[in-house]
There are 2 protein chains.
Amino acid sequence: MKWHDLTDDACPLARAMGVIGDRWTLLILRECFLGVRRFDSFQKRLGVTRHLLAERLKRLETMGLLERRPYQERPLRHEYRLTASGKEFAPVLLAMQDWAQRNLPSPVPTPFTFVTRDSGEKVDPVLTDRHSGAELNHRSVLMAPAAASHAQDAAKEPKDPESPSAAQAP
Amino acid sequence: MKWHDLTDDACPLARAMGVIGDRWTLLILRECFLGVRRFDSFQKRLGVTRHLLAERLKRLETMGLLERRPYQERPLRHEYRLTASGKEFAPVLLAMQDWAQRNLPSPVPTPFTFVTRDSGEKVDPVLTDRHSGAELNHRSVLMAPAAASHAQDAAKEPKDPESPSAAQAP
DNA sequence: AAAGTTAGTTCTAATTTAGAACCTATTATC
DNA sequence: GATAATAGGTTCTAAATTAGAACTAACTTT
């Protein structure tokens, strides 16, 4: 499989991996949320090679998460800013940070946290359903194939004792 | 930077990337949530090479997201199941799928969706604060360095005009 | 005039991934 | 009782990606 193939996969998660499916991209986004905007700042703070950084920034721009805009002329210099799409990624980052903090413990303290803009208090994130307000987790939610088009794929793998047409309870 | 270095980074997001920072791991987890448990099923459904699949499953086991357990003897066979830690990853997957669906559009329909276990209706995920119930997004939340230990790092990069000690408003 | 700043690009070497073939143990089929 | 089939891997070589360092370009500052 080639890298680029993921970006037009039918599965949204696969497409997402076409953007953040490497060691660096999510960390670049983290820096963006911390307010970093310039090439050299990203490079120094992350320790990523300039070569890769340039490529990743280009990809984030292509995928619409960042925009490159001039912040001065003579000499012409550009900075990278989160677009609306990039900003909407915040809940993913937050959910991931929360998961990692709970499930991948570390002896050293967390270097930064998510706080509310008004009170400055640390947030305690829960994913809920916008309509019902119910908490969304492995117990309340099920991942289900969207009938029609997926049925064909499923047919390729006949009567598997673990066929995933209805994921089992925890 | 070597791969393994991320797994004991101070930043939880970096540690998370030590687990899912590649093209395949998240897709393996997706399959787990769809109910897949066996080596060959993962391999056929994803098209990943057996070599990499074996490695990734091993890593997911090491990191505590999956457990390998026998489901038969003669011949001895093992299957992979989500652990509690793996199951708690569900909200991250959900948030990411939601983001990708909204921000990385595709001409083809989404092959599977998240539905509630009781009503079977498609969910509409929002990240909220457990305490206040407020929606958590780029407008309401700020990523802030956790004062003390980070202050030293910040000192290394003196008076940067874009110093990220207080991330700016959207 | 020399050195510094900022944002890259261009090389070579090392590491990772792809792709195919092979191995082991056991059960099913001819 | 030999031959295939199933399941879960491992072992190769070739291709692609990443690391690391050096270099360029267009200015500005000392």
Side-chain angles (χ1 to χ4, degrees), chain A residues 1-7 17-28 31 36-62 66-81 156-163, chain B residues 1-7 17-28 31 36-61 66-81 157-163:
Chain A
M1 183 198 251
K2 271 115 209 172
W3 233 119
H4 198 72
D5 292 3
L6 281 176
T7 64
M17 292 324 275
V19 181
I20 58 154
D22 70 280
R23 297 203 233 358
W24 292 112
T25 304
L26 202 87
L27 301 182
I28 293 172
E31 295 302 312
V36 173
R37 292 176 184 173
R38 297 186 187 173
F39 192 91
D40 275 28
S41 293
F42 286 116
Q43 201 274 313
K44 287 187 188 107
R45 291 173 58 90
L46 292 172
V48 59
T49 67
R50 308 177 74 75
H51 179 40
L52 258 207
L53 177 59
E55 244 226 355
R56 294 302 186 254
L57 288 172
K58 214 167 283 172
R59 190 164 73 207
L60 284 168
E61 196 195 348
T62 304
L66 296 183
E67 65 170 333
R68 185 166 170 276
R69 60 153 91 158
Y71 67 86
Q72 73 171 37
E73 309 191 5
R74 352 200 47 75
L76 182 58
R77 294 281 180 255
H78 297 89
E79 63 181 8
Y80 295 88
R81 279 165 170 271
K156 285 184 191 167
E157 195 188 9
K159 49 180 176 169
D160 185 332
E162 55 156 346
S163 100
Chain B
M1 183 197 251
K2 271 115 207 171
W3 234 120
H4 198 71
D5 292 2
L6 280 176
T7 64
M17 291 325 274
V19 181
I20 58 155
D22 70 280
R23 297 203 233 354
W24 291 113
T25 305
L26 201 88
L27 302 182
I28 293 172
E31 295 302 311
V36 173
R37 291 176 185 174
R38 298 187 187 173
F39 191 91
D40 276 27
S41 294
F42 287 113
Q43 201 274 313
K44 287 186 188 109
R45 292 174 57 91
L46 292 173
V48 59
T49 67
R50 307 176 75 75
H51 179 40
L52 260 207
L53 177 59
E55 244 226 357
R56 296 300 186 254
L57 288 171
K58 215 167 281 173
R59 190 164 72 207
L60 284 167
E61 196 195 347
L66 296 183
E67 65 170 332
R68 185 167 171 276
R69 59 154 90 158
Y71 66 86
Q72 72 170 40
E73 307 190 7
R74 352 200 44 77
L76 181 59
R77 294 281 180 255
H78 297 88
E79 62 180 9
Y80 296 89
R81 281 166 170 270
E157 195 185 10
K159 49 182 176 169
D160 187 331
E162 56 157 345
S163 100

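Computed over heavy atoms, backbone and side chain alike; hydrogens, waters and symmetry mates excluded. So that the names make sense, note that chain A is the first sequence line, chain B the second, and so on, each numbered from 1. These numbers come from a predicted model, not from an experiment.
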Note to self: The criterion is side chain to side chain donor-acceptor pair (under 3.5 Å); which residues satisfy it with B:Glu55, sequence neighbours excluded?
What the structure shows: none
Atom [atom1] of [X] and atom [atom2] of [N]: how far apart are they, to the nearest Å?
| X | N | atom1 | atom2 | answer |
| --- | --- | --- | --- | --- |
| B:Gln43 | D:dT10 | CD | P | 14 Å |
| A:Arg38 | C:dG8 | CZ | P | 12 Å |
| A:His78 | C:dG8 | NE2 | P | 8 Å |
| A:Arg37 | C:dA7 | CZ | C1' | 17 Å |
| A:Glu55 | C:dG8 | CD | C1' | 13 Å |
| B:Arg56 | C:dA18 | CZ | P | 8 Å |
| A:Lys44 | D:dG20 | NZ | C1' | 17 Å |
| B:Asp40 | D:dT6 | CG | P | 10 Å |

Ignoring backbone atoms, establish whether [X] has a side-chain N or O less than 4.0 Å from OP1 or OP2 of [N].
| X | N | answer |
| --- | --- | --- |
| A:Lys58 | C:dT9 | yes |
| B:Arg68 | D:dG9 | yes |
| A:Tyr80 | C:dT6 | no |
| A:Trp24 | D:dT17 | no |

Next item on the list: Output yes when a side-chain donor or acceptor of A:Arg23 lies under 3.5 Å from a complementary backbone atom of B:Gly18, and no otherwise.
Entry: no
Check: Between C:dG8, D:dT18, D:dG9, which nucleotide gets closest to the side-chain atoms of A:Leu52?
Finding: D:dT18
Next item on the list: Would you indicate which nucleotide in C:dG8, D:dG9, C:dG19 comes nearest to any side-chain atom of B:Thr49?
Entry: C:dG19
Next item on the list: Pick base, sugar-phosphate or nothing for A:His51, based on heavy-atom distances below 4.0 Å to the nucleic acid.
Entry: base
Check: Less than 3.5 Å between a donor and an acceptor, one on the side chain of A:Arg50 and one on the base of D:dG20, is that the case here?
Finding: no
Checking [X] now: which residues fulfil salt bridge (charged side-chain N to carboxylate O under 4.0 Å, His left out) with it, not counting sequence neighbours?
| X | result |
| --- | --- |
| B:Arg74 | none |
| A:Arg68 | none |
| A:Arg77 | none |
| A:Glu61 | none |

Nucleotide N/O of nucleotides 25-28 of chain D paired with protein N/O under 3.5 Å:
unit_1, atom_1, unit_2, atom_2, d
D:dT28, OP1, A:Arg74, O, 3.3

Notebook entry, point to check: Checking side chain to side chain contact (heavy atoms under 4.5 Å, CB included) against B:Arg69, which of B:Arg81, B:His78, B:Arg37 comes through?
Noted result: B:Arg81
